[in-house]
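Because the structure is predicted, anything quoted here is derived from the model rather than measured. Quick note: numbers below take in every heavy atom, side chains included, and nothing from hydrogens, waters or symmetry partners.
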Amino acid sequence: MKKIIFTLLISIMAVAVFGQYRSDSIHVAHYDLNLTIDPYAHTISGTTTLNVVPKMAGLSEIRLDLSSLTVDSVILGDFSVNFSHVGESLTIPAGNYQLGDTLILAISYHGVPAGNNWGGFSFTNNGYCYNIGVSMYESPHSFGRAWYPCIDEFSDKSTYDFHIATYPSHKAICGGTLMGSSQNDMGMTVWHWKLDKPVPAYLTSVATGTYSLYTDTFHGMEANIPISIYAPPSYFSKVAGSFVNLKNIAAIYENLYGPLQFDHIGYVLVAFNGGAMEHATNIAYPQSAVQGNLTNEDLYAHEFAHSWFGNLVTCERAEEMWLNEGITSYATATYIEHLYSRQDYDEHINDLHFDVLNKIAKNDGGHYALNDVPQSHTYGTHSYDKGELVTHTLRHYMGDSLFFAGLQAYLRQYAWQTANSEQFFASMSQTSGIALDDFFEAYVNQPGFLHFAIDSIVAEGGSQYAVYLRQRLWHAHHYGNSNLVNLTFFNSQNQRFDYQHFEFSGQYGVAHIEIPFEPAFGVVDFNNEISDAVIDYNAMLTTTGTRNFTQAKVSCVPTSNSDSIQMRVEYNLVHADPFKQQPQQHYRVHDRYWRIEYTHCHQIKGKFKFTYDGTNSNAPEYSLLQGVAHEDMVLLYRRNCADDWHFVNATRTGELSGTFTTDSLRPGEYTFAVPGEDVGIRSNARSSNSDPGLRIYPNPAHDQLVIHCQDVMNLISIYDLNARQLASYTINDNDGNVNLHHLSAGTYLLSVWTSEGKQISVPFIKE
């Protein structure tokens, strides 16, 4: 599924209590739907027959899901039985069936099927109707229950027969293979479709109307696969031009992810403008997206990629929707790479990275672990976009050959089943031989993003250099371990040297590298292969004039430049270091900073302009300016972390929002600051009041450390001086006690994450 033009802020409006998965106790092996659809009366009626298999002894009742429709009768075997239909829950007594039995249930019903702006049934004024198998506004989101009684869970996969009666001038299109059509006693045409690949209820579909059929054949790796695209007559002439690359995309996907396991590629054009839906072999595709050109090619490519990720292997829980949507979104990026160019792929990933960092918390109401996204944001920025970025990161962590081989093995291992995040990574590890536990913990099993930077480069003699790296956190809870980062160095003549896959764990690392020149500067992740908390640009300055690095909120205005100069601009979303030595009036530094470097043996002339916004509550400067006068905000500069911050002579344009303009292009780090007490980490480990919002005592401590925080604490972690996490405790209180018996004497770091989204870290001594 993919959204087009709307931002989803969901409120779950119907909360159903489903407890444990019912598929743990019963399984529907097959559904046979015999329905009549009246697109003008907006009704459906008929009988659905279910083959129910008990998975536990002594099954006394069967509970199915059915929304809005009225049940007329239930026949179990050869006998009519009583039933209870309350809300969306249809309960049927099962008798005393045992393991291995098969129960045949025939349920007759009628009515107006459920539907809303995103999910269920829709009817048009000109006699078309269609369903969308999920609902943004229902819980659970799976919405097969809108048109037949079912186990509406991802974890129950079944095969299907659809017998859909329509007006003689109409067609009925469902998933699977069209077996034929016939006339019934009422003079209506009955269309028979068979879907013999097991899928959950949300991936089943029907559409009716006066459709025309466009056909083609994809010559796949293992079979010749028919292509069917059903379009209203007014759109039929545009189909070929819009889907011209479908077979090329199918070949790319097969090459990367393995042979297509479905025996049909199908789309049906519907009057839906909110996105598209990946129904198995019958993708509901918005007719407005079919314009006879390539404008919306990525949309049908995304839905088709679900044939591997989502339809073949389905995420076990909605909270782990990234396994469906994030990996599918990444598959869409790989078709761009292989059909067009690596440059197009890189531009797509970079643009997505910028967009996610700027909008993820606003769109989804906070930061979440990818494997635990609230159902109110199942189909949000985390699942789609962060999931895509993490998959991109995993590819470069593993390397292409092992990554794609791992995905193919995962799809084979869990074909026609469900999987969770841990199973995904276990499968990828088993195939590749790469331990991925640390990657899982860093990128999937915690919220936020990691951040990596070079603190300093120190000559060790000859061409040997020590490169000191630092890891920081942006809304994450713990440092990543077994990190693999690529380092890139430039000298003043634009020569470049790459050092691949340096591994380190925790907050700090040092790489001893032989570099064939004296580096002017070094960069972590020059090619943007990690989903990290930095917005960066790599630019070659060859002329004078303004260069806008819009997403990084800075522009460069060189006024004299005769050489080609490689420039690196970073907008780092982690907290700038505090002053080493506070000025007479204390200052509180911003929770982000810029780093700007360039290759030139002399400082080039020109200006930097830094943008700020204190008017928008979602802008980073908004919280910085709370409680202070905007005219007191200043611009700070330092060459690197070895220096202290200095005030910069800068010209301000604007008041609560505007720019600071410097009169030079000095390479180094920049940030904003306002008068006030800084809440960064202090260097004095014996201070029991290192942060005004956090108190720890006694310090030094012997057996126990008492913690009081002015905000409610969510998580407490202890690290050693090598940034290894030694302990972690969940909490939901302002006060807590930490037992120190397991620690040897020494200095440690206590980190607290609060309900307000703050991270406060203070050192302490264990005696």
Side-chain angles (χ1 to χ4, degrees), residues 10-33 35 43-56 58-77 79-97 102-116 118-121 131-158 160 199-204 316-319 375-376 378 418:
I10 310 168
S11 296
I12 296 299
M13 301 170 65
V15 179
V17 179
F18 285 87
Q20 71 178 88
Y21 297 133
R22 274 167 294 146
S23 53
D24 292 338
S25 57
I26 59 173
H27 164 56
V28 179
H30 186 76
Y31 294 88
D32 192 335
L33 283 70
L35 301 177
T43 60
I44 65 175
S45 60
T47 300
T48 292
T49 302
L50 300 79
N51 291 14
V52 180
V53 179
K55 298 171 70 174
M56 56 181 292
L59 181 68
S60 61
E61 66 177 25
I62 298 168
R63 187 171 65 78
L64 303 172
D65 306 311
L66 184 64
S67 179
S68 300
L69 299 163
T70 300
V71 177
D72 300 312
S73 66
V74 175
I75 297 176
L76 177 57
F79 301 96
S80 178
V81 296
N82 295 324
F83 59 88
S84 171
H85 189 195
V86 179
E88 295 186 331
S89 182
L90 175 61
T91 304
I92 301 162
N96 190 25
Y97 288 87
T102 298
L103 291 66
I104 307 299
L105 274 176
I107 302 171
S108 299
Y109 53 96
H110 71 279
V112 177
N116 51 51
W118 227 113
F121 263 75
N131 81 301
I132 298 294
V134 300
S135 175
M136 300 293 187
Y137 306 101
E138 303 288 337
S139 178
H141 298 304
S142 178
F143 213 32
R145 63 189 182 279
W147 62 302
Y148 61 94
C150 59
I151 298 177
D152 217 358
E153 295 175 356
F154 293 167
S155 50
D156 200 55
K157 294 192 170 188
S158 314
Y160 300 82
V199 298
Y202 84 95
L203 291 175
T204 60
E316 185 178 275
R317 304 180 304 129
E319 289 82 356
Q375 289 207 21
S376 55
T378 295
T418 60

#### Entry: Nearest atoms (heavy-atom pairs only) where Gly144 meets Cys150
C-SG, 3.8 Å
### Message
Applying side-chain contact (heavy atoms from CB on, under 4.5 Å) to Asn116 and Glu138, what does each step give before you reach the verdict?
### Response
CA-CA 10 Å; Asn116 51 51; Glu138 303 288 337; 3.7 Å; yes
### Task
Give a yes or no on whether the backbone of Gly119 and the side-chain of His141 come within a donor-acceptor separation of less than 3.5 Å.
no
### Query
If you measure from CG on Leu50 to OG on Ser158, what distance do you get to the nearest 0.5 Å?
8.5 Å
### Query
So do Arg145 and Ser135 actually touch side chain to side chain, heavy atoms under 4.5 Å?
no
#### Entry: Between CZ on residue Arg317 and CZ on residue Phe154, distance to nearest 0.5 Å
11.0 Å
### Query
How far does CD1 of Ile75 sit from OG of Ser108, to the nearest 0.5 angstrom?
6.5 Å
### Query
Any side-chain heavy atom of Thr91 sitting closer than 4.5 Å to one from Ile62?
no
#### Entry: Pairwise distance CG(Leu105) to CD1(Ile92) - rounded to 0.5 angstrom
4.5 Å
### Task
For Asp156 and Val28, indicate whether the former's side chain and the latter's backbone hold a donor-acceptor pair under 3.5 Å.
yes
### Query
Which atoms form the tightest heavy-atom contact between Thr418 and Ser155, and what is the distance?
CG2-CA, 3.7 Å
### Summary
Note: Tyr148 and Leu66 closest approach over all heavy atoms is C-CD1, 3.5 Å
### Query
Counting N and O atoms only, with roles assigned by atom type, does the side chain of Asp152 sit under 3.5 Å from a partner on the main chain of Asp65, one being a donor and the other an acceptor?
no
### Message
I want to check something: taking the side chain as every heavy atom from C-beta on, are Tyr109 and Leu35 in contact at a cut-off of under 4.5 Å?
### Response
yes
### Query
Which value, rounded to the nearest 0.5 Å, describes the distance between Phe83 atom CZ and Leu90 atom CG?
7.0 Å
### Summary
Between the CG atom in Leu64 and the CD1 atom in Ile151, the distance rounded to the nearest 0.5 Å is 6.5 Å
### Considering all heavy atoms, the nearest Thr378-Ala318 contact
CG2-O, 3.6 Å
### Summary
Nearest heavy-atom contact between Ser142 and Tyr202 is OG-CB, 3.2 Å
#### Entry: Validation row: Thr204, Leu33 side chains within 4.5 angstrom (heavy atoms)
no
### Summary
Minimal heavy-atom distance between Ala146 and Leu69, with the atoms involved, is O-CD1, 3.7 Å
### Task
Check whether any side-chain heavy atom of Leu103 sits under 4.5 Å from a side-chain heavy atom of Ile26, and report yes or no.
no
### Message
Can you confirm whether Phe143 sits close enough to Ile132 that some side-chain heavy atom of one is under 4.5 Å from a side-chain heavy atom of the other?
### Response
no
